[in-house]
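Remarks on the structure that follows.
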Amino acid sequence: MSSPTAYLHRRTGALLPRRLRKPLLAFFVLGTLIAVSARLCKVDLSEFFPGLLKGVEVLRFFFPPDWSSLQEMLVPALVTVLLAAVATPLGVVLSFFFGLAGARNLSPPWLRSTARTLIGVERALPEIIVLLLLVAALGVGPFPGVIALAIGSVGMLGKLFADAIEELDAKVLESVGSVGATRSQIIRFAVLPEVMPALLSNSIFRFEVNIRASVLLGAVGAGGIGFELQKAMALLEYERAMMAVLVTLLLVFGAERVSDFLRRRVLDGGKLA
Amino acid sequence: MLNVEQLTKKLPDGRALLDGISFRVSRGEFVGVLGASGAGKSLTLRCILGLTRADGGTATLQANDGQTFELTTCKGRCQREARRRMGVIFQGFNLVKRLRVIDNVMIGRLAQIHPLRSWLYGFTDAEAAEALEALRRVKMEKYADRTTGSLSGGEMQRVAIARAVFQKPSLYLADEPIASLDPSNSLAIMKLLQPLAKETPVLGVFHQPEMTARFCTRVIAIKHGKIVYDGNPGLSHAQLEDIYGDELMQVLRPAPAALTPEDVSAVSPFSGRIDESTGGLLAKQTT
């Protein structure tokens with residue numbers, strides 16, 4: 001009796017078993033790519049480890065955190081949250097219209113491709129780049145930050161909403177249309193209720209993402225806790241910077257927990273009700 | 001009243017799916033349409049509703065309010081006006097699952113109120129009472145506040161009928177309304193449709209000759225896009241054989257139980273290991 005896999009070897013008759021060829025090929029191609037990239041990016045392990053030690057030494061300057069600055073951090077932290085809190089609903093409303101326009105089952109082809117292209121462009125532009133453009137036009141401050149975050153939200157939510165709408169059962173839309181309803185009524189009575197859970201849970205998730213992004217945008221001129229961090233670093237007040245980092249951690253972690261909780265409520269509600 | 005004349009629908013290659021369908025549906029009638037799969041039953045209904053555009057012929061709806069609609073040609077506003085006068089029941093119920101039962105019934109009136117009012121959910125108390133009355137008619141008033149998605153198939157079909165009733169149409173169209181229901185629910189739905197037909201004509205597509213024989217006032221049979229029978233609902237075995245051909249036995253008695261894996265392996269010569277090199281598509285015979 002031959003071994004259970006013998007027929008595989010017999011069939012190919014090659015040096016390598018057929019089932020191993022693709023994985024091996026993939027391994028070599030990926031390995032080469034990584035090696036070349038590392039070379040180009042000047043990855044040098046002999047510099048990395050001494051650098052790491054120096055880093056640990058520098059880290060000493062950050063401790064202990066400057067607790068006395070906590071009070072001064074609270075308002076900027078609030079600004080960061082508010083930035084996201086204003087930008088997210090704005091982005092959600094915009095995204096909803098982009099989602100409707102970008103859904104194949106509601107929009108004519110020209111509108112759909114226009115909306116999809118715009119959404120794609122928005123997604124391709126990182127928030128920071130949008131912010132830098134806006135800062136050049138509107139000046140430094142939270143306002144361009146709000147706009148940048150709202151536009152960034154459309155890039156993600158617009159696509160998700162459009163996809164969610166396209167996945168709706170065409171027969172249900174047809175059925176609501178069969179009573180003579182207009183397109184806007186179909187949206188109100190079939191599309192909106194059916195995509196609401198996806199809309200809410202994605203929007204809540206985007207709020208969480210926006211809080212993180214708003215910290216980052218703060219550092220490049222939108223104000224808030226990110227700006228405090230950047231300021232402290234520039235002034236070499238490392239203990240103060242550490243405090244800003246701690247507040248940021250708390251903020252992001254808190255946002256994540258709240259977002260998880262809310263999303264679970266939304267999704268469970270959809271299942272149980 | 002519905003008058004269909006020489007309705008035709010062709011595939012791009014010229015093959016006729018509907019080949020000159022003509023019939024009338026008048027007040028007091030419950031017309032059942034029979035035919036094998038692909039004969040053109042549902043397509044006829046879709047052409048009447050304007051969900052599919054016919055290539056030729058006419059379908060004229062004379063509504064209760066005296067207006068006349070040319071269903072195969074009207075578009076946009078005219079089409080919406082025509083559709084509001086036809087209450088449709090689908091095989092898959094096609095209700096909005098996340099809305100409450102009562103909301104799904106309300107949808108029946110959308111074309112009859114101002115869009116702005118519907119957007120704000122501004123239904124009047126009188127309308128709500130009427131919607132409840134429609135639900136009572138299908139014995140679903142207790143479920144008015146339930147989410148539609150939590151209902152069973154038979155219950156959803158009742159709600160769909162309530163929606164059509166609430167619409168106050170001049171004609172009911174039913175596209176295989178009992179095809180995805182069990183026998184007892186099917187019977188219940190037929191019993192609901194029968195009294196409706198006394199007030200407003202019903203045109204329904206069915207797969208069960210025994211149901212149409214029992215409940216309909218008239219039966220139309222379609223074969224290869226042509227009407228081959230139009231008359232008394234009680235069809236003889238020979239007539240059914242002519243309508244259904246090879247499908248007859250599936251129509252007359254339930255399909256045999258699906259084969260279990262044991263049955264398959266008992267007759268299959270391919271018992272043994274699955275050949276992974278073909279992605280498991282072919283069973284490998286052990287030698």
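Just so it is clear, the values below take in all heavy atoms, side chains as well, and ignore hydrogens, waters and symmetry mates.
Using a 4.5 Å cut-off between heavy atoms, B:R46 touches chain A through its side chain atoms alone. With a 4.5 Å cut-off on non-hydrogen atoms, B:L51 touches chain A through its side chain but not through its backbone.
In terms of heavy-atom pairs under 4.5 angstrom with chain A, the leader among B:R77, B:Q79, B:M86, B:K97 is B:K97. Here B:R83 is the residue among B:R146, B:R83, B:R84 with the most heavy-atom pairs under 4.5 Å with chain A. The greatest number of non-hydrogen atom pairs below 4.5 Å with chain A, out of B:L173, B:L49, B:L99, is found for B:L99.
Judged purely by distance below 3.5 Å, without hydrogens or angles, the side chains of B:N3 and B:T60 never pair a donor atom with an acceptor atom. Side-chain atoms of B:E70 and B:T68 form no donor-acceptor pair, as typed in the model, at a separation below 3.5 Å.
Cation-pi geometry between B:R109 and B:F166 is met: under 6.0 angstrom from the ring centre, within 45 degrees of the axis.
The stretch residues 157-167 of chain B participates, sequence neighbours left out, in no salt bridge (charged side-chain N to carboxylate O under 4.0 Å, His left out) pair at all.
Taking the centre of each ring, B:F123 and B:Y121 come in below the 6.0 Å mark.
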